[in-house]
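Just so it is clear: chains get the letters A, B, ... in the order the sequence lines come, proteins before strands, and each one is counted from 1.
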Protein chains: 2
Amino acid sequence: MALTIGQVANAADVNIQTIRYYERRGLFPTPRRTPAGYRQYADEAVARLRFIKHAQELGFSLQEVQELLALRVRHGAACDVVERKTRQKIEVVQQRIRDLQRMKRTLERLAAACTARRPTDDCPILEVLEDHDHISH
Amino acid sequence: MALTIGQVANAADVNIQTIRYYERRGLFPTPRRTPAGYRQYADEAVARLRFIKHAQELGFSLQEVQELLALRVRHGAACDVVERKTRQKIEVVQQRIRDLQRMKRTLERLAAACTARRPTDDCPILEVLEDHDHISH
DNA sequence: ATAGACCTTGTACCAGGGTATATGGTCAAG
DNA sequence: CTTGACCATATACCCTGGTACAAGGTCTAT
């Protein structure tokens, strides 16, 4: 049931060094060790790695990923804190979605202009993208 | 009408060094120079910088931004190439949006569990996020 | 008991995306 | 005609997120 670091790395398709790096960074809990000092992981570790990688692809920094991972629902006390943090994250994600949608619309307009092949000889993306200038952040 | 590098940097709120760096990287065309060697920019340069910054925030690398900027509608010939690349970018953006929406829903579930005071005691975000494991890329 | 594949720590290096600093030229105002 | 705010190049440094390498311990199979 316990996995070695190599097995975890392999299953999640990341470098062994990366796992140790995450451990140093605090994204990974320090695992139990065998008497010989080998790290021992549960299957959960693989899911955690995949989650980290996935969140990174979505543009979250390791710091942000760490905060995401810290969100857990536990008994009473810290519950409202967690909820507040979670809702903040939702806002961040929502804003990112909006920005990407705007970017997508812009790209679509570009593609459309291209299809219509107006011989507007000198029509750089820049012109099409002009409304990126007044994006709210 | 011609702007100095400092004016451009100021207007787009980036470091002067960054503009020169982009020039070296090929993201910025080499500008005309005054007899004294000062770079001269048109207003367009500011829009270009803002576009770069924005695209970066959306998770595009400078390499990708460069590709985006290279997508220009020129006289006929390259037009379908441009369109194809643009549609590829749209696909990437679309997938990213879908993934973020999934993440958002997950976070919303987490927040809801929190509100309901359903203290799923030892429920790390990983469990909640289980469906991240089989995302298609 | 020895090879080979694994694990350990430590240190060093890499790429991407800048930012800072040193040294010197330019230009407008007083 | 000098001072301050700009510009130029060149070089060095910074942070993030890893990856590689060295020196050595462990474990399994033969």
Side-chain angles (χ1 to χ4, degrees), chain A residues 1-42 45-46 48-70 92 96 137, chain B residues 1-43 45-46 48-70 92 137:
Chain A
M1 203 66 246
L3 304 171
T4 65
I5 194 169
Q7 289 167 331
V8 173
N10 215 293
D13 195 28
V14 303
N15 195 302
I16 287 182
Q17 313 278 11
T18 302
I19 298 177
R20 295 204 265 250
Y21 173 67
Y22 287 169
E23 191 181 317
R24 282 201 298 289
R25 292 271 317 228
L27 274 107
F28 246 74
T30 59
R32 276 175 305 119
R33 302 286 188 122
T34 66
Y38 285 25
R39 287 170 178 80
Q40 285 187 300
Y41 296 98
V46 179
R48 197 181 185 91
L49 276 177
R50 290 213 258 253
F51 173 74
I52 294 172
K53 281 182 63 184
H54 187 67
Q56 276 188 300
E57 278 164 23
L58 295 182
F60 292 96
S61 67
L62 287 186
Q63 175 59 48
E64 286 173 315
V65 174
Q66 195 162 351
E67 285 163 26
L68 282 171
L69 285 169
V92 171
R96 207 165 290 196
H137 279 309
Chain B
M1 205 63 250
L3 304 172
T4 65
I5 194 170
Q7 288 167 330
V8 172
N10 215 294
D13 195 28
V14 304
N15 195 301
I16 286 182
Q17 312 280 11
T18 302
I19 298 178
R20 295 203 266 248
Y21 173 67
Y22 287 170
E23 191 181 316
R24 282 201 298 288
R25 291 270 316 227
L27 274 109
F28 246 73
T30 59
R32 276 175 305 120
R33 302 286 188 120
T34 66
Y38 284 25
R39 288 170 178 80
Q40 286 187 299
Y41 297 97
D43 291 352
V46 178
R48 196 180 185 91
L49 275 178
R50 291 214 257 252
F51 173 72
I52 293 171
K53 281 182 60 182
H54 188 66
Q56 277 188 300
E57 279 165 22
L58 297 181
F60 291 94
S61 68
L62 286 187
Q63 175 59 47
E64 286 174 316
V65 175
Q66 197 161 351
E67 284 164 22
L68 283 172
L69 285 169
V92 171
H137 281 310

**Request:** Mind checking T4(A) for me? I need base, sugar-phosphate or nothing, with any heavy atom below 4.0 Å counting as a touch.
**Result:** sugar-phosphate
**Item:** DNA chain D: 5'-proximal contact among Y21(A) and R24(B) (nearest heavy atom)
**Value:** R24(B)
**Prompt:** Across the strands shown, which category fits S61(A) at heavy-atom distances under 4.0 angstrom: base, sugar-phosphate, nothing?
**Reply:** sugar-phosphate
**Asked** F28(A) and A45(A): which non-hydrogen atoms are nearest, and at how many Å?
**Response** CZ-O, 3.5 Å
**Prompt:** Toward the 5' end of DNA chain C, which comes first, Y22(B) or Y38(A), by nearest nucleotide?
**Reply:** Y38(A)
**Complete:** Between N15(A) and A9(A) the two heavy atoms that sit nearest each other are C-CB, 4.2 Å
**Message:** Could you check whether any side-chain N or O of R96(A) sits under 3.5 Å from a backbone N or O of L58(A), counting only pairs where one atom can act as donor and the other as acceptor?
**Reply:** yes
**Request:** Select base, sugar-phosphate, or nothing to describe what R20(A) touches, counting heavy atoms under 4.0 Å on all strands.
**Result:** base
**Prompt:** Taking the side chain from R48(B) and the backbone from L27(B), do they hold a donor-acceptor pair closer than 3.5 Å?
**Reply:** yes
**Message:** Please report the interatomic distance CD1(I52(B)) to CD1(I19(B)), rounded to the nearest 0.5 Å.
**Reply:** 9.5 Å
**Complete:** Min and max contacting nt of DNA chain C in 5' to 3' order, chain B heavy atoms within under 4.0 angstrom, are dG17(C) to dC27(C)
**Asked** Which two nucleotides bound the region of DNA chain D that has atoms under 4.0 Å from heavy atoms of chain A, read 5' to 3'?
**Response** dG17(D) to dC27(D)
**Request:** Mind checking side-chain hydrogen bond (donor to acceptor under 3.5 Å, both in side chains) for Y21(A) and listing every partner two or more places apart, or none if nothing turns up?
**Result:** R25(A)
**Asked** Which atom pair, heavy atoms only, marks the closest approach of R50(A) to A11(A)?
**Response** NH1-O, 3.1 Å
**Prompt:** Considering heavy-atom distances to DNA chain D, does F60(A) or R39(B) have its closest nucleotide positioned more toward the 5' end?
**Reply:** R39(B)
**Donor-acceptor pair, side chain of E57(A) and main chain of H54(A), under 3.5 angstrom** = no
